[in-house]
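For reference, the structure is listed below as structure tokens.
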Number of protein chains: 2
Amino acid sequence: MAKHDPDLSLIFQALSDPTRRAMVLRLSAGPAAVTELAEPSGLRLPTILRHLSVLEAAGLIETRKSGRSRICRPVPGAMAQAEDWLARVRADWEARTDRLEALLSTMEDE
Amino acid sequence: MAKHDPDLSLIFQALSDPTRRAMVLRLSAGPAAVTELAEPSGLRLPTILRHLSVLEAAGLIETRKSGRSRICRPVPGAMAQAEDWLARVRADWEARTDRLEALLSTMEDE
DNA sequence: ATCATGCTTAGCCATAAAGCTAAGTATCAC
DNA sequence: GTGATACTTAGCTTTATGGCTAAGCATGAT
């Protein structure tokens, strides 16, 4: 397939890692510095920085240098695209999952 | 981070690829055989089969052998978990993005 | 000026992902 | 039973991902 929806790919990719999802959840509670964000994970700083850059490249968070700290915060509308995609596909799926199709499926089995 | 939410990871990972998203969209329009699913992508069958197994492992689709064809169809509630996660996080983010915080952020900049 | 703190960069390693070809198996049509 | 069709499996290559260590740079405190 071609390179459609690069943003969507980046967003889903970013959210596919538990460490990054934990970071996103942490940022829901308010901005945090890198060290603060790294602490609950037990991972080293360079590793966390890479995760941060993935989240930032996906447009999910933004960071800003303040003194020797880097402050990270969520980007407000960033997940709308992904949510919309999911909602749309799910709606289509549920629309198709009526008794008629279940019946056809059962009949095909025999 | 630990191995929390393995399902969520699998789902987001599965959806992070444009080819797989196209397959998911195609299946929204109705069940399809493997070859049929492969056609618009221009990719070889083994490649498509691997994508299929990723989608199936994530619980997003199910497949069934019918004669020499394998019929693929969506699994109805499969994306709810991902959608819920996104909705929850987005709600938190939007709740935090009021004028107060924007103001504090601006003040910190100076 | 010096030192600690907090990030940053460079680079290595192991594993997984995404594509391919080639060769196999199973079913349907004749 | 032979041949075409539709997967399927095995195995290879390239690139990306997720972790690390070691060493560097910038800032704040003394």
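Remember, predicted model here, so these are calculated numbers, not experimental data. Protein chains get the first letters and strands the later ones, always in sequence-line order, with residue 1 at the start of each.
Spacing between atom CZ of A:Phe12 and atom P of D:dA16 amounts to 21 Å, rounded to whole angstrom units. Between the CD1 atom of A:Ile71 and the P atom of C:dT8 there is a distance of 11 Å, rounded to whole Å. In this structure, B:Leu43 places its CG atom 17 Å from P of C:dA17, rounding to the nearest Å. In this structure, A:Arg21 places its CZ atom 15 Å from C1' of D:dG18, rounding to the nearest Å. At whole-Å resolution of the value, CD in B:Glu56 and P in D:dC7 are 14 Å apart. If you take CG of A:Leu37 and P of C:dG6, they are 14 Å apart, rounded to a whole angstrom. In this structure, A:Leu49 atom CG and D:dG18 atom P are separated by 14 Å, rounded to whole Å. Look at CD on A:Glu39: it is 13 Å from C1' on C:dG6, rounded to the nearest Å.
Taking CE of B:Met23 as the start and NE2 of B:His51 as the end, the distance is 7.0 Å to the nearest 0.5 Å. With rounding to the nearest 0.5 Å, the separation of CG in A:Leu25 from CH2 in B:Trp93 is 9.0 Å. How far CE of B:Met79 is from CG of B:Asp84: 11.5 Å, rounded to the nearest 0.5 Å. In this structure, CG on A:Leu52 lies 11.5 Å from OG1 on A:Thr19, to the nearest 0.5 angstrom. How far CG of B:Leu55 is from CD1 of B:Ile11: 11.0 Å, rounded to the nearest 0.5 Å. Between the CD atom in A:Glu83 and the CD atom in B:Glu83 there is a gap of 7.0 Å [rounded to 0.5 Å].
Put simply, B:Arg20 has a side-chain N or O that comes within less than 4.0 Å of OP1 or OP2 on C:dA18. For the pair A:His51 and D:dT17, the criterion of a side-chain N or O lying under 4.0 Å from OP1 or OP2 is not met. OP1 or OP2 of C:dT8 lies within a sub-4.0 Å distance of a side-chain N or O belonging to A:Lys65.
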Close N or O pairs between protein and nucleotides 4-6 of chain D (under 3.5 Å):
{"from": "D:dT5", "atom 1": "O4'", "to": "B:Arg68", "atom 2": "NH1", "distance (Å)": "3.3"}
{"from": "D:dT5", "atom 1": "O2", "to": "B:Arg68", "atom 2": "NH1", "distance (Å)": "3.1"}
{"from": "D:dA6", "atom 1": "O3'", "to": "B:Arg68", "atom 2": "O", "distance (Å)": "3.2"}

Polar atom pairs (N or O), protein with nucleotides 21-24 of chain D, under 3.5 Å:
{"from": "D:dT21", "atom 1": "OP1", "to": "A:Arg44", "atom 2": "NH2", "distance (Å)": "3.4"}
{"from": "D:dT21", "atom 1": "OP2", "to": "A:Arg44", "atom 2": "NE", "distance (Å)": "3.3"}

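Side-chain contact between B:Ser9 and A:Arg21: present, with at least one pair of heavy atoms (C-beta onward) separated by less than 4.5 Å. For the pair B:Gln13 and B:Arg20, the minimum side-chain heavy-atom distance is below 4.5 Å. Proximity of B:Leu27 to B:Leu60: side-chain heavy atoms (C-beta onward) are nowhere separated by under 4.5 Å.
Side-chain proximity of B:Asp17 to the nucleotides C:dA18, D:dG18, D:dT8 is greatest for C:dA18.
Nucleotides of DNA chain C nearest to B:Gln13 and A:Arg50 differ in position, and the one nearer the 5' end is that of A:Arg50. If you find the closest nucleotide of DNA chain D to A:Gly67 and to A:Ser16, the one lying nearer the 5' end belongs to A:Ser16.
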